[in-house]
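Naming convention: chains lettered A, B, ... in sequence-line order (proteins, then strands); numbering from 1 in each chain. If you're wondering where the values come from, they're calculated on a predicted model, not measured in any experiment. These values consider heavy atoms only, across backbone and side chains, with no hydrogens, waters or symmetry-generated copies.
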Amino acid sequence: AQSVSQHNHHVILSEAASLELGCNYSYGGTVNLFWYVQYPGQHLQLLLKYFSGDPLVKGIKGFEAEFIKSKFSFNLRKPSVQWSDTAEYFCAVKKGGKLIFGQGTELSVKP
Amino acid sequence: DTAVSQTPKYLVTQMGNDKSIKCEQNLGHDTMYWYKQDSKKFLKIMFSYNNKELIINETVPNRFSPKSPDKAHLNLHINSLELGDSAVYFCASSQDTWVQSPLHFGNGTRLTVT
């Protein structure tokens, strides 16, 4: 079945560590890719999106993601995390009018 | 101003009851959605409306009935609530159905069925 997979369920980092969260999708053709963040007790907010062009996209709060078509991947990165980055991160693909989410990755940043 | 607002924020009710969740967006968007987030944080689309017309209806029990009186509102009515309906329900909107339109989410309604 077509899906969006986030292989890291829970990531624990210390402040200033570098972050990379994996996202793979299994949809063919043109894909539109998103990363959303959900801070504790809050709604989902858009971090960044990729439609076409430069495969390295920059988002808010120092996040970036790289689209690698051959690997069907759209990994999220941040060079140096902060305690305030503690949240749930969701990768998503928009297909057929639907935004289809991965399972989410919980990021805990220790001060 | 809250762009996508849902009420209530919390809803605790007993099995068998009927309840409604309201959603309003002031972004001028044409498309609205309901998503369900289960206890494992997994988000799944339930419904989508474009200009008051139902365009997506995932395999959701017919106890769930969305209603869109106008394109700024999408309410969710649930009949005969079951324990498995306990979840956080998120309303969202997007400019249109174009694949590149990002979704804007409300703060969620945490439904607990006892």
**Study point:** Connected via hydrophobic side-chain network under 4.5 Å: A/V93 and B/L103
**Key:** no

Point to revise | Where at least one partner belongs to residues 19-102 of chain B, residue pairs that pass disulfide (SG to SG under 2.5 Å), sequence neighbours excluded | key: B/C23-B/C91

Check your understanding: Which of the residues A/F51, A/F34, A/F101 is involved in the greatest number of heavy-atom pairs with chain B at under 4.5 angstrom?
Key -> A/F51

**Study point:** Residues B/L43, A/I100; criterion side chain to side chain contact (heavy atoms under 4.5 Å, CB included); working and verdict
**Key:** CA-CA 8 Å; B/L43 279 151; A/I100 301 156; over 6 Å; no

Review point. Is there a path from B/M15 to B/I21 through hydrophobic residues (I, L, V, M, F, W, Y) whose side chains come within less than 4.5 Å of each other?
Key: yes

Review point. Among residues 61-73 of chain B, which ones touch chain A with a heavy-atom distance under 4.5 Å?
Key: none

Review point. Taking only residues at least two apart or on different chains, which pairs with a member in residues 25-73 of chain B satisfy disulfide (SG to SG under 2.5 Å)?
Key: none

Check your understanding: Where on A/L46 is there a heavy atom nearer than 4.5 Å to chain B: the side chain, the backbone, both, or neither?
Key -> side chain

Check your understanding: Is it the side chain or the backbone of B/I56 that comes within 4.5 Å of chain A heavy atoms, both, or neither?
Key -> side chain

Check your understanding: Is A/L48 reachable from A/L44 through a run of I, L, V, M, F, W or Y residues, each pair having side-chain heavy atoms under 4.5 Å apart?
Key -> no

Check your understanding: Cluster question for you: counting only ILVMFWY and a side-chain heavy-atom cut-off of under 4.5 Å, with indirect links fine, are A/L99 and A/F90 together?
Key -> yes

Got a list of the donor-acceptor pairs under 3.5 angstrom between chain B and chain A?
from	atom 1	to	atom 2	distance (Å)
B/Y35	OH	A/L99	N	3.2
B/Y35	OH	A/L99	O	2.7
B/Q37	OE1	A/Q38	NE2	3.4
B/Q37	NE2	A/Q38	OE1	3.1
B/E58	OE2	A/K98	NZ	3.0
B/W98	O	A/K94	NZ	3.1
B/S101	O	A/K94	NZ	2.7
B/L103	N	A/Y36	OH	2.9
B/L103	O	A/Y36	OH	2.9
B/N107	OD1	A/H43	ND1	2.7

Check your understanding: Do you reckon B/F90 sits in the same ILVMFWY cluster as B/F42, going by side-chain contacts under 4.5 Å, direct or chained?
Key -> no

